[in-house]
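The shown structure was predicted, so the numbers you read here are calculated from the model rather than taken from an experiment.
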Amino acid sequence: MVFLDNFDTFAEPLVRYFLGIFFLMIGLQFSARSLGLYARMGFSFINYGRTASAGWWHRHIFNVFRALILAVVVVRVFADIDPWLGVFGFMYHGPVLVTGMVLLLLSFSLVNYLQAYMHEDWRSGVDPKQNRHLLTGGPYSRSRNPVFIAVMLGQLGFFLALPSVFSLVCLLAGVTVLMRQARVEEKALAELFGDAYEAYRRRVPRWL
């Protein structure tokens, strides 16, 4: 019991500061990479789709929650706003918080690996104007949406690193949006690649 109390005392501020720095760096990295790609290639790799389409709404919902999460984790470094977040006290202990931190780091690593694997074929959202290859090897031979799985892992990690009503709502909303967006993107790929994608879809599961 004493060890657990000591671990809680050590882990709580570690994870609190980690969340603030981690999500700030994620935002900077994604923005810098997107701007760099645009400057080099002359077109945006981030696609919202047609205004008011399903993909457009998914992107905007995701952006709202991403901004909320960033604001919350940064403010928590300087002020005690946990009562406003509905923190689950029975879960708010060092082992759970550190598990969440580890899952966030694992998610970050997987997303970066998968985006690097896609190389020039990487896009965020549906981009029907670009001629891309249909990726069916490597991680895409085991799942049609490995990036979304990695992002969901990070959403679970955030919930464990800050177990609360707020992070639970973020988790449920995030998973719902990603599952819906997967269907939107798969429909676009089916239209783009036709029979080749249909054969791939029959061979490889959507998730795992």
Side-chain angles (χ1 to χ4, degrees), residues 23 26-27 29-67 69 103-159 169-208:
F23 279 100
I26 288 288
Q29 183 209 33
F30 186 79
S31 299
R33 181 180 182 183
S34 300
L35 290 171
L37 285 169
Y38 182 80
R40 173 69 175 83
M41 305 302 293
F43 62 89
S44 176
F45 280 57
I46 302 172
N47 301 278
Y48 282 70
R50 183 169 40 84
T51 301
S53 65
W56 185 87
W57 280 111
H58 296 160
R59 169 65 65 177
H60 281 286
I61 292 170
F62 208 82
N63 285 347
V64 167
F65 275 94
R66 184 164 55 186
I69 290 171
L103 290 181
L104 281 167
L105 290 172
L106 179 60
S107 169
F108 174 77
S109 300
L110 287 172
V111 168
N112 276 276
Y113 169 81
L114 292 164
Q115 290 180 350
Y117 184 89
M118 287 187 282
H119 194 39
E120 73 272 10
D121 293 310
W122 174 76
R123 298 290 188 278
S124 179
V126 177
D127 184 9
K129 294 181 290 186
Q130 296 299 321
N131 294 321
R132 292 177 285 170
H133 304 97
L134 177 61
L135 298 178
T136 60
Y140 288 88
S141 66
R142 295 179 288 275
S143 170
R144 301 201 303 268
N145 296 282
V147 174
F148 284 177
I149 292 175
V151 174
M152 289 180 189
L153 182 66
Q155 293 172 333
L156 174 61
F158 176 61
F159 170 67
V169 171
C170 292
L171 172 62
L172 296 176
V175 169
T176 300
V177 167
L178 288 175
M179 292 180 70
R180 291 174 57 89
Q181 181 64 16
R183 291 194 289 270
V184 170
E185 295 192 8
E186 289 192 356
K187 180 180 178 182
L189 289 171
E191 294 173 354
L192 184 61
F193 293 105
D195 292 341
Y197 186 79
E198 179 60 24
Y200 171 65
R201 187 190 65 80
R202 289 196 301 265
R203 187 174 69 254
V204 178
R206 172 175 288 168
W207 303 112
L208 290 174

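- Under the 3.5 Å distance criterion, the side-chain polar atoms of R144 are matched with a main-chain donor or acceptor of V204.
- For the pair R33 and Y38, the NZ or CZ position fails the cation-pi test of under 6.0 Å to the six-membered ring centre and within 45 degrees of the ring normal.
- Annotation: Y200 is not in aromatic contact with Y140 [ring centroid separation under 6.0 Å not met].
- Between atom CZ of residue R66 and atom CZ of residue F30 there is a gap of 5.5 Å, rounded to the nearest 0.5 Å.
- Between the side chain of S141 and the backbone N or O of T136, no donor-acceptor pair lies under 3.5 Å.
- P139 approaches P146 most closely through the heavy-atom pair O-CG, 4.3 Å.
- Between H58 atom NE2 and E185 atom CD the span is 10.0 Å, to the nearest 0.5 Å.
- A side-chain N or O of Q29 and one of N112 form a donor-acceptor pair less than 3.5 Å apart.
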message: Using the rule given for side chain to side chain contact (heavy atoms under 4.5 Å, CB included), can you reason through M118 versus V147, listing the C-alpha separation, both sets of side-chain angles and the distance that settles it, and then say yes or no?
response: CA-CA 10 Å; M118 287 187 282; V147 174; 3.7 Å; yes
From CA spacing to verdict: side chain to side chain contact (heavy atoms under 4.5 Å, CB included), R180, W57: CA-CA 11 Å; R180 291 174 57 89; W57 280 111; over 6 Å; no
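- Contact between S143 and I149 at its shortest, heavy atoms only, is OG-CD1, 3.4 Å.
- For S107 (side chain) and L103 (main-chain N/O), no donor-acceptor pair under 3.5 Å exists by modelled atom type.
- Each of F65, F108, F158 was checked for a ring-ring contact (aromatic ring centres under 6.0 Å, His included) with F23, and the lone residue meeting it is F158.
- Side-chain atoms of N145 never come within 3.5 Å of backbone atoms of A182 as a donor-acceptor pair (strictly under, hydrogens ignored).
- A donor-acceptor pair under 3.5 Å is absent between the side-chain atoms of R142 and the main chain of L208, judged by distance alone.
- In this structure, V151 and F62 have side chains that are in contact, with non-hydrogen atoms separated by less than 4.5 Å.
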task: Would you check, one step at a time, whether the test side chain to side chain donor-acceptor pair (under 3.5 Å) holds for Q181 with R59?
output: CA-CA 9 Å; Q181 181 64 16; R59 169 65 65 177; over 6 Å; no
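- Within the 4.5 Å cutoff, the side chain of F159 has no heavy atoms near those of the C170 side chain.
- For R203, the CZ atom sits in a packed shell: over 12 heavy atoms of surrounding residues, nucleotides or ligands are nearer than 6.0 Å.
- A salt bridge is defined here as a Lys NZ or Arg NE, NH1 or NH2 lying under 4.0 Å from an Asp or Glu carboxylate O, and R201 with E198 meets this definition.
- Annotation for H133 and F193: closest pair C-CZ, 3.8 Å, computed over non-hydrogen atoms.
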